[in-house]
Asker: 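Before anything else, here's the structure in question.
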There are 2 protein chains.
Amino acid sequence: MTEVRLLQGQHLKAACSNCSALEFCLPFGLNTQELERLDKLILQRFKVRKGAPLYRAGDPLRLLYAIRIGSFKTSVLSLDGREQVTGFQLPGEMLGLDAISADEHTCNAFALEDSEVCPIHFSQLEKLARELPALQHNLNRFLSREIVRDHDLLMMLGNMNSDERLAAFLLNLSQRLSMRGYSSSEFILKMRRDEIGSYLGLRLETICRGIAHLREQELVEIAGREVKVLNMHGLKQLVVGCHSAVLH
Amino acid sequence: MTEVRLLQGQHLKAACSNCSALEFCLPFGLNTQELERLDKLILQRFKVRKGAPLYRAGDPLRLLYAIRIGSFKTSVLSLDGREQVTGFQLPGEMLGLDAISADEHTCNAFALEDSEVCPIHFSQLEKLARELPALQHNLNRFLSREIVRDHDLLMMLGNMNSDERLAAFLLNLSQRLSMRGYSSSEFILKMRRDEIGSYLGLRLETICRGIAHLREQELVEIAGREVKVLNMHGLKQLVVGCHSAVLH
DNA sequence: CGCCGCCTTGACTCCCTTCAATGCGAGTGG
DNA sequence: CCACTCGCATTGAAGGGAGTCAAGGCGGCG
């Protein structure tokens with residue numbers, strides 16, 4: 001009995017403290033005891049197959065999800081079937097924060113590749129957050145960061161032309177990947193052209209043409225889903241000035 | 001001494017419980033004692049003159065603001081001077097939530113008319129939220145609602161044409177005003193055409209033309225800043241189908 | 001092989017932008 | 001009182017960038 005509890009304890013503790021996404025994720029900055037308490041909230045983590053939904057708009061909010069491995073897209077659908085991709089999420093990022101507003105998911109979340117998530121019971125998370133100020137603050141930050149990201153995207157859709165949007169998208173992805181220990185100059189796109197297009201408020205054909213333009217300028221080499229950034233500085237020049245004055 | 005404290009107490013208590021925005025604002029659902037504790041966090045409320053900034057991008061986060069009277073716009077600026085209006089806020093709505101992400105405001109907030117706000121010390125609010133679950137939950141909801149709103153706006157910028165965007169904008173404003181006890185069919189726009197345009201990702205000329213189109217269809221009567229909705233149903237028909245399937 | 005999903009490219013169209021002129025009301029000063 | 005300016009709104013004409021439609025390519029897989 002005691003042994004089982006110990007094993008469980010070890011297993012649960014291992015969930016977060018062993019996670020490669022720890023430093024970008026909800027438990028960032030928590031001490032060991034705090035981490036253990038958060039770990040206890042995390043039900044068995046599970047896999048989501050490529051293309052499978054994690055949740056859908058209209059589902060009641062019970063769980064939030066932290067991405068452990070893989071990537072997701074979130075989107076909203078209009079009644080007449082238009083899709084707007086609202087984001088692409090990487091390990092350490094949270095899914096489902098929009099659902100807190102009305103206790104109901106407003107987005108659909110789909111895995112872009114075979115992935116793994118840590119489900120967190122939201123009401124228990126709120127309860128624990130009252131006792132762990134660092135956790136409470138992290139949750140607030142995650143929510144707020146989502147707002148800031150959406151503002152960046154709004155700036156792109158409202159004020160940038162198609163090539164600028166595409167360059168900004170690639171740079172953003174590059175930066176987030178490099179933060180996670182991947183190469184910033186060579187990576188694989190997990191999403192289709194039409195999903196990039198929806199995210200950027202463009203048609204998939206426009207994405208293809210944008211890619212062709214970047215290739216002509218010898219800024220990138222893109223073959224299918226494979227991206228190589230040949231001239232990072234030149235790529236940044238395309239969007240310098242478009243970005244919020246606050247960042248960097 | 002005792003009398004002063006009582007007077008103060010009454011004054012502070014009056015701040016929220018007398019406020020016409022109470023039912024949409026942060027203290028919604030708090031009981032009397034809880035309300036009193038929140039009231040104590042609210043420093044002296046103050047006025048902001050039309051056109052004046054409440055805060056600017058880059059300012060450190062110390063205060064959040066609840067709007068008591070009036071209206072604001074928030075916007076982000078790019079380095080090369082492009083402005084993207086990210087929202088128009090009415091009484092009971094919160095300003096500054098984006099700043100939690102990095103302890104620094106990322107938006108500019110300007111009063112669209114002579115207004116009055118309730119400043120709330122953020123770190124104290126976080127502290128109090130640990131003791132008042134309802135307050136904690138409200139704060140989370142406000143943050144999450146902001147995300148949902150941004151998603152709606154993204155859907156507009158990404159998938160709707162200029163007339164649909166304008167109609168959706170007017171309907172949204174109409175609905176929020178009516179929730180606050182104003183007429184849903186007759187109201188005054190507090191913002192300029194170019195601000196509406198920036199919000200909707202369009203030029204001000206396109207807004208003017210959109211208004212002309214709505215007028216030709218006898219859906220609205222718009223003279224300068226004065227709006228009269230003549231055919232609410234018809235206006236809704238324009239955007240039915242464009243909206244997220246989850247809402248309503 | 002042949003189908004299917006996804007990507008690419010070209011030609012044409014159209015909606016929104018750009019540029020420009022005009023209107024119009026408020027505030028100011030002669 | 002009127003002339004003048006200034007900020008904001010309106011409307012027209014022309015141009016361009018992204019959308020639409022269509023054809024074809026490429027690669028994976030039954």
Side-chain angles (χ1 to χ4, degrees), chain A residues 49-52 73 80-85 110 112-114 156-170 188-216 220-228 238 242, chain B residues 49-52 73 80-85 110 112-114 156-170 188-216 220-228 238 242:
Chain A
R49 306 294 297 194
K50 174 176 176 173
K73 72 163 178 176
D80 56 0
R82 294 180 248 193
E83 181 185 34
Q84 175 67 40
V85 171
F110 288 91
L112 292 173
E113 59 189 307
D114 289 352
M156 288 168 69
L157 298 211
N159 289 287
M160 290 165 63
N161 68 31
S162 62
D163 288 356
E164 288 170 340
R165 291 183 213 184
L166 181 60
F169 165 75
L170 291 172
I188 308 286
L189 300 171
K190 302 299 185 180
M191 69 293 287
R192 300 188 306 266
R193 300 289 191 259
D194 65 333
E195 292 169 329
I196 300 174
S198 170
Y199 180 64
L200 298 177
L202 300 166
R203 299 288 118 178
L204 71 122
E205 295 94 329
T206 308
I207 301 301
C208 285
R209 282 185 248 272
I211 289 173
H213 297 158
L214 295 183
R215 191 173 15 235
E216 285 160 23
V220 298
E221 211 171 77
I222 300 186
R225 305 286 181 95
E226 281 189 297
V227 178
K228 283 188 195 174
L238 271 186
C242 307
Chain B
R49 306 294 297 194
K50 175 176 177 174
K73 72 162 179 177
D80 55 2
R82 295 180 247 193
E83 181 186 36
Q84 175 67 38
V85 171
F110 288 90
L112 292 174
E113 58 189 310
D114 289 352
M156 289 167 68
L157 299 211
N159 289 289
M160 290 164 63
N161 68 31
S162 63
D163 288 356
E164 290 170 340
R165 290 184 214 184
L166 180 59
F169 165 75
L170 290 172
I188 306 287
L189 299 171
K190 302 299 185 181
M191 69 293 287
R192 300 187 307 265
R193 299 289 191 260
D194 66 332
E195 292 170 330
I196 300 174
S198 169
Y199 181 65
L200 298 177
L202 300 167
R203 299 288 120 180
L204 69 120
E205 294 94 329
T206 308
I207 300 300
C208 285
R209 283 184 247 272
I211 289 173
H213 297 157
L214 295 183
R215 191 173 14 235
E216 286 160 22
V220 298
E221 211 171 77
I222 301 187
R225 304 287 180 95
E226 283 189 329
V227 178
K228 283 187 195 175
L238 271 186
C242 307

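Everything numeric here is computed off the predicted structure, so don't read it as measured data. In what follows, chains are A, B, ... by sequence order, proteins preceding strands, each numbered from 1.
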Asker: Do A:Lys50 and A:Lys190 have side-chain heavy atoms sitting under 4.5 Å apart?
Answerer: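 No, their side chains stay 4.5 Å or more apart.
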Asker: Would you classify B:Arg225 as touching base, sugar-phosphate or nothing, given that sugar-phosphate means primed atoms plus P, OP1 and OP2, and contacts are heavy atoms under 4.0 Å?
Answerer: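 Here B:Arg225 touches the backbone only, sparing every base.
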Asker: In this structure, how many angstroms lie between the C1' atom of C:dC4 and the CG atom of A:Asp194, rounded?
Answerer: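 Those two atoms, CG and C1', are 15 Å apart.
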Asker: How far does OH of B:Tyr199 sit from CD of B:Gln84, to the nearest 0.5 angstrom?
Answerer: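 That separation rounds to 10.0 Å.
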Asker: I need the minimum non-hydrogen distance between A:Cys242 and A:Met160, along with the two atoms involved.
Answerer: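 It is CB-SD, 3.7 Å.
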Asker: In whole angstroms, how far is the C1' atom of C:dC7 from the CG atom of A:Leu214?
Answerer: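 Atom-to-atom, A:Leu214 to C:dC7, this comes out as 16 Å.
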Asker: Quick check for you: to the nearest 0.5 Å, what is the distance between B:Glu83 atom CD and A:Asn159 atom CG?
Answerer: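 Separation between the atoms: 9.0 Å.
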Asker: Please state how far atom NZ in B:Lys50 lies from atom P in C:dA26, giving the value in whole angstrom units.
Answerer: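 About 12 Å, once rounded to whole Å.
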Asker: With A:Arg193, which of A:Thr206, A:Ile211, A:Leu202 fulfils side-chain contact (heavy atoms from CB on, under 4.5 Å)?
Answerer: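 Filter result, single survivor: A:Ile211.
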Asker: Mind calculating the distance between CD1 (A:Ile196) and C1' (C:dC6) to the nearest angstrom?
Answerer: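 These atoms are roughly 12 Å apart.
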Asker: Taking atom CD1 of B:Ile196 and atom CG of B:Leu189, what is their separation to the nearest 0.5 Å?
Answerer: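 Output value for this atom pair is 5.0 Å.
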Asker: Rounded to the nearest Å, what distance is computed from the CZ atom of residue B:Arg192 to the C1' atom of nucleotide C:dG25?
Answerer: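 One finds 16 Å between C1' of C:dG25 and CZ of B:Arg192, rounded.
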Asker: Output the distance between atom CZ (B:Arg215) and atom CD1 (B:Ile222), rounded to the nearest 0.5 Å.
Answerer: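 Output value for this atom pair is 7.0 Å.
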Asker: If you walk 5' to 3' along DNA chain D, what is the first nucleotide with an atom under 4.0 Å of a heavy atom in chain B, and what is the last?
Answerer: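 Contacts span D:dC8 to D:dA13, reading 5' to 3'.
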Asker: I need the CG-P distance between A:Asn161 and C:dC15, as an integer number of Å.
Answerer: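 A:Asn161 atom CG is separated from C:dC15 atom P by 21 Å.
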Asker: For a quick test of reading the model, state the closest non-hydrogen atom pair linking A:Met156 to A:Phe169 and the distance between them.
Answerer: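 So the minimum-distance heavy-atom pair works out to CE-N, 4.2 Å.
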Asker: Check DNA chain D against residues 197-209 of chain A and give the residues with a non-hydrogen atom under 4.0 Å, in numerical order.
Answerer: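 Listed by number, they are A:Gly201, A:Leu202, A:Arg203, A:Glu205, A:Thr206, A:Arg209.
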Asker: Out of curiosity, A:Glu164 CD to A:Leu200 CG, how far, rounded to the nearest 0.5 Å?
Answerer: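 Here the rounded value is 12.0 Å.
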Asker: Starting at CG of B:Asn159 and ending at P of C:dC15, how long is that distance when rounded to a whole Å?
Answerer: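 It is 16 Å, rounded to the nearest whole Å.
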